[in-house]
Amino acid sequence: MPNTLSRRDFLKVGGAAVGALVLGRFIPPLVAEAARATGMLDATNSGYIPTMCEMCVWRCGVLAKVEDGRVVKLEGNPDHPHSKGNLCPRGQSGLMNTYDPDRVLSPLVRVGKRGEGLFRKTSWDEALDIVATNMLKIKEKYGPEAMVFSSTHNLSQPLFENLLYAFGSPNYGTQRSLCFNAMITAFSLTYGVEEPSRKYDDVEFILMVGRNMMEAISTSETSELSHAIDRGAKFVYLDPRYTKTASKATEWIPIRPGTDSAFLLAMINVIVSNELADCEFVKKYVVGCDGIKTAMQGYTPEWAEEITGVPATTIERIAREYAAAKHNALAHPGWRTSNFINSFQTERAIATLNALSGNVLTPGGCLSAEMAAEGAGLGAPPQPPYPRVSALRLDGVPWKYPLVSLKLGVFQELRDTILTGEPYQAHGWFISRQNPILSLPDRAKTLEAFGKMDFITTIDIIMNDTAWFSDVVLPETSYLERYDPLLPVGDKAFIRQPVVEPQGEAKSALWIYKQLGERLGLGDFFHYADEEDYLRQQLASLGVSLEEVKSKGYAEMPETESSGEITFNTPSGKIEVYSETLKNAGFSPWPTWEEPPQPAEGQFYLLTGKVAQQTQFGTQNNQMLHKYSDEPRLWMNAKVAAEKGLADGDWVEVTSEVGKANVRLLATQAIRPDCVYLTPGYGHLSKGLTTAFGFGTSDSVLHVTYTDPISGGQALSQTFVSVKKA
Ligand SMILES: Nc1nc2c(c(=O)[nH]1)N[C@H]1C(S)=C(S)[C@@H](COP(=O)(O)OP(=O)(O)OC[C@H]3O[C@@H](n4cnc5c(=O)[nH]c(N)nc54)[C@H](O)[C@@H]3O)O[C@H]1N2
Ligand SMILES: Nc1nc2c(c(=O)[nH]1)N[C@H]1C(S)=C(S)[C@@H](COP(=O)(O)OP(=O)(O)OC[C@H]3O[C@@H](n4cnc5c(=O)[nH]c(N)nc54)[C@H](O)[C@@H]3O)O[C@H]1N2
Ligand code: SF4
Ligand SMILES: [Mo]
């Protein structure tokens, strides 16, 4: 029966069907020694072992179901605020992340040309020696700054950062500038918090700008949104595509790409010129309350209609409805906000709308500017301060991007300076849990940057494209096979623990970084005997044993005292709708309209965006997810396709300024006539991914690299393509 499930059914099924599928085809894994010791299993060696999912960065709580000493299924942990007892299809398919036949199970050293895929297996000792020797050689010859490090959010990242900062390099590339720089930079400047938390309990009006919550999933928030919609909350959704989220919206606005800020500025104009804002709140907490009317004067709904293609009457009505919901109106901050070079302004306008509705910190309000000082209660092994680094950062922070925080960085710029060799040449690249060959825009450029490297090493669990082009590949244990540092979420710190025995020679990142640190003479930054010792040091001040946390799944954290005072961590201590900081840096102090480039006649905006059954650039080789993924096609408006003489299913050639790709066409009404869309994450280069190789096309081949000068976010929808029959 399960084999006949359609992809659609798959997305709806509960864990049972998925578990049954896994059981039908694979010998269930043996429970790990560490997990057996939790005491969670009964006399028949059955029960549930708590851990965390790593099929995406949301890290829902998992209960691994054990029968007769073997893990048979993954379920959501009801104690975890991210999952609340549910796992999405990717989470349920997590066993296949561990049992992927393409797992790398011993360290590998390249023997052929880069990208040829010829490697020999080696011992950890030899692999770590090669990595350390090459890193030290580069340090000696060119300085530590010639080593570039990059990694995407993961739980062992603090140890990765120890390695790079102790080594003395300022060059660190993360996913942030490919993802949420615009949102974080705008909210930090406006509110002094990176991202306010959201509450949906009493929300009456929700505005989402390109946040495809029903497919780009955050389990708990996705279900909170669903409940709010079911309750009758009004939900307005802006996206040039008719996504699953659009299908749930009260109103879908197929806005012209890159013009969201014009729509939002016009909403602000309607609210302030008609005095519809929560005046009391605004006067007390907002800087800019006096000048905003004048500053927004030109941004009338009629003006915005011309730019966005949305009727002025619609914008005016939505603004009034938003204002009427007062502090129960939520303008959602978004997540991947890297669409255009003006995306920072879109986010500033969203931040402003929330300030005007007074939904910040008011009882029952749906946005909370409070950020829990996550991790504050956890201990860490002692370590010396990092060495002082005087070299400029290759990513231009802050010398080219003065308002981008050191933490956010501008990864795509770092890649580009590797190519120019300015202000200096990088020679080595150390990558962990990241696939920059596909996730950075303009794949040819990234491969060219790889070509400039004397040495590249990658830590991964499978032979992803980046590992494929590396000199040494270090295999990590999968997330069901290892410990990671504890993850604080709200008032609890959750554990990831091995639930199955590790396969082959794979090792945890905590182990790998410590071994490498010692070989690099940086042992002082890795004061833990092993993974369990690291976790015990984290728990030291909480008075709870590791054994207890292993069986319960989490440790309670001490309550953080709230002073009750509302202050914002901005220079004025208020919400800065008007920002002197922006003005001093030479940018508009008000949220403002900046015209982004537009496609030439006959060209299309190339849109990207997540699908529910895959995560980024790393899950396409999961056999379970692959089975239920259709080969992605290029969405094109059906009427436009017909005008161009193209039929549904035709092979087309898509051309941008930097690349060409062939893909089959999906003629659909679910997209604006001036846009095409391609699912990211496909078209892998690595032949070591036997499931994913040869399936689909990579949109990174086509993406042109543009960077928002204020936030450093890449502008992914700003790539224009032409499409013709292949
Ligand atoms: N299933 C699944 N869930 C995920 C992820 C995953 O890979 N898979 N990844 C996680 C991560 S890291 C992130 S950052 C989030 C991302 O989640 P989202 O922030 O929702 O981002 P995307 O899905 O990348 O893109 C969302 C939408 O933006 C639209 N869009 C493009 N340009 C514009 C524009 O100019 N204006 C407007 N209004 N819309 C535009 C696209 O059509 C697309 O539907 O998802 C997270 N959740
Ligand atoms: N075209 C296009 N580009 C995009 C986006 C888009 O929508 N379209 N989205 C952007 C966004 S929002 C983001 S966040 C980035 C994400 O892109 P990246 O930052 O590159 O992150 P991922 O694709 O999640 O990285 C996945 C890698 O981690 C590996 N991996 C998985 N599990 C483990 C593990 O347990 N240990 C180790 N060591 N490795 C593991 C996988 O095998 C894979 O190689 O891409 C950005 N780039
Ligand atoms: S949203 Fe899905 S993939 Fe992400 S952590 Fe939760 S269950 Fe895992
Ligand atoms: Mo992201």
Side-chain angles (χ1 to χ4, degrees), residues 142-153 161 164-165 169-186 188 336-344 347 389-431 434-453 456 466 585-587 594 596-597 608 617 656-659 700 702-719:
Y142 308 106
E145 63 274 15
M147 268 305 297
V148 167
F149 293 77
S150 72
S151 179
T152 282
H153 192 253
E161 290 173 359
L164 80 103
Y165 292 130
S169 177
N171 293 316
Y172 183 22
T174 74
Q175 88 290 359
R176 296 174 181 119
S177 64
L178 316 178
C179 181
F180 53 42
N181 264 31
M183 181 246 295
I184 304 276
T185 307
S188 299
R336 184 184 65 77
T337 51
S338 53
N339 286 323
F340 280 88
I341 51 168
N342 68 3
S343 288
F344 170 81
E347 289 298 309
V389 176
S390 52
L392 285 181
R393 280 170 54 131
L394 287 175
D395 69 358
V397 178
W399 53 277
K400 184 168 173 190
Y401 299 101
L403 294 181
V404 177
S405 73
L406 297 175
K407 182 174 144 193
L408 292 178
V410 187
F411 191 11
Q412 66 277 19
E413 183 85 19
L414 171 54
R415 190 269 320 265
D416 289 353
T417 54
I418 291 173
L419 287 173
T420 61
E422 297 297 333
Y424 52 85
Q425 185 62 55
H427 290 269
W429 198 336
F430 189 127
I431 301 139
Q434 190 180 59
N435 195 0
I437 285 188
L438 287 197
S439 58
L440 280 167
D442 198 345
R443 187 168 84 184
K445 237 184 184 185
T446 310
L447 288 172
E448 212 184 307
F450 266 44
K452 291 258 179 183
M453 293 290 125
I456 306 168
T466 299
F587 302 114
E594 287 164 5
T608 191
F617 305 89
S656 78
E657 202 183 300
V658 299
S700 317
L702 299 165
H703 278 126
V704 186
T705 314
Y706 293 109
T707 298
D708 163 3
I710 306 183
S711 76
Q714 70 175 339
L716 275 179
S717 297
Q718 208 171 288
T719 288

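Hydrogens, waters and symmetry mates are skipped; everything else that's a heavy atom, side chains included, is used.
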*Asks:* Mind telling me whether Tyr165 and Tyr172 have parallel, tilted or perpendicular rings, with 30° and 60° as the class edges?
*Replies:*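 Rings of Tyr172 and Tyr165: perpendicular, as their planes differ by over 60°.
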
*Asks:* Can you confirm whether the side chains of Gln412 and Ser177 place a donor and an acceptor under 3.5 Å from each other?
*Replies:* yes

*Asks:* Short question: side chain of Asp708, backbone of Phe344 - any donor-acceptor pair under 3.5 Å?
*Replies:*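 Yes, the answer is positive, given that a donor and an acceptor are paired below the 3.5 Å cut-off.
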
*Asks:* Distance check, rounded to the nearest 0.5 Å: Ile431 atom CD1 versus Phe149 atom CZ?
*Replies:*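 Ile431 CD1 to Phe149 CZ: 11.0 Å, rounded to 0.5 Å.
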
*Asks:* Nearest 0.5 Å, what's the CD-OG1 distance between Glu413 and Thr707?
*Replies:*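 Rounded to the nearest 0.5 Å, the CD-OG1 separation comes to 6.0 Å.
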
*Asks:* With Thr152, which residues qualify under side-chain contact (heavy atoms from CB on, under 4.5 Å), at least two apart?
*Replies:*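 For Thr152, the residues satisfying side-chain contact (heavy atoms from CB on, under 4.5 Å) (neighbours in sequence not counted) are Gln175, Gln434.
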
*Asks:* What is the ring orientation for Trp429 with Phe411, classed by angle as parallel under 30°, tilted 30 to 60°, or perpendicular over 60°?
*Replies:*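 Perpendicular, since the angle between the ring planes exceeds 60°.
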
*Asks:* Could you measure the distance from the CG atom of Asn342 to the CD atom of Glu347? Nearest 0.5 Å is fine.
*Replies:*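 One gets 11.0 Å once the value is rounded to the nearest 0.5 Å.
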
*Asks:* Rounded to the nearest 0.5 Å, what separates atom OG1 in Thr420 from atom CD in Gln425?
*Replies:*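 Going from the OG1 atom of Thr420 to the CD atom of Gln425 covers 7.5 Å.
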
*Asks:* What are the two closest heavy atoms between Pro170 and Glu145, and how far apart are they?
*Replies:* CD-CB, 3.6 Å

*Asks:* Are a donor atom and an acceptor atom from the side chains of Thr466 and Asn435 found within less than 3.5 Å of each other?
*Replies:* yes

*Asks:* What is the minimum heavy-atom distance between Ile341 and Pro709, and which atoms define it?
*Replies:*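 Where Ile341 meets Pro709 most closely, the heavy atoms are O-CD, 4.0 Å.
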
*Asks:* Would you mind telling me which of Asp395, Ile418, Val148 makes a side chain to side chain contact (heavy atoms under 4.5 Å, CB included) with Asn171?
*Replies:* Val148

*Asks:* Tell me which pairs pass salt bridge (Lys or Arg N to Asp or Glu O under 4.0 Å) where either residue lies in residues 435-451, with sequence neighbours left out.
*Replies:* Asp416-Lys445

*Asks:* Take atom NZ of Lys452 as the centre, draw a 6.0 Å sphere, and report whether it contains more than 12 heavy atoms from other residues, nucleotides or ligands.
*Replies:*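 Correct, the count exceeds 12.
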
*Asks:* Shortest non-hydrogen contact from Gly712 to Val410?
*Replies:* O-CG1, 3.5 Å

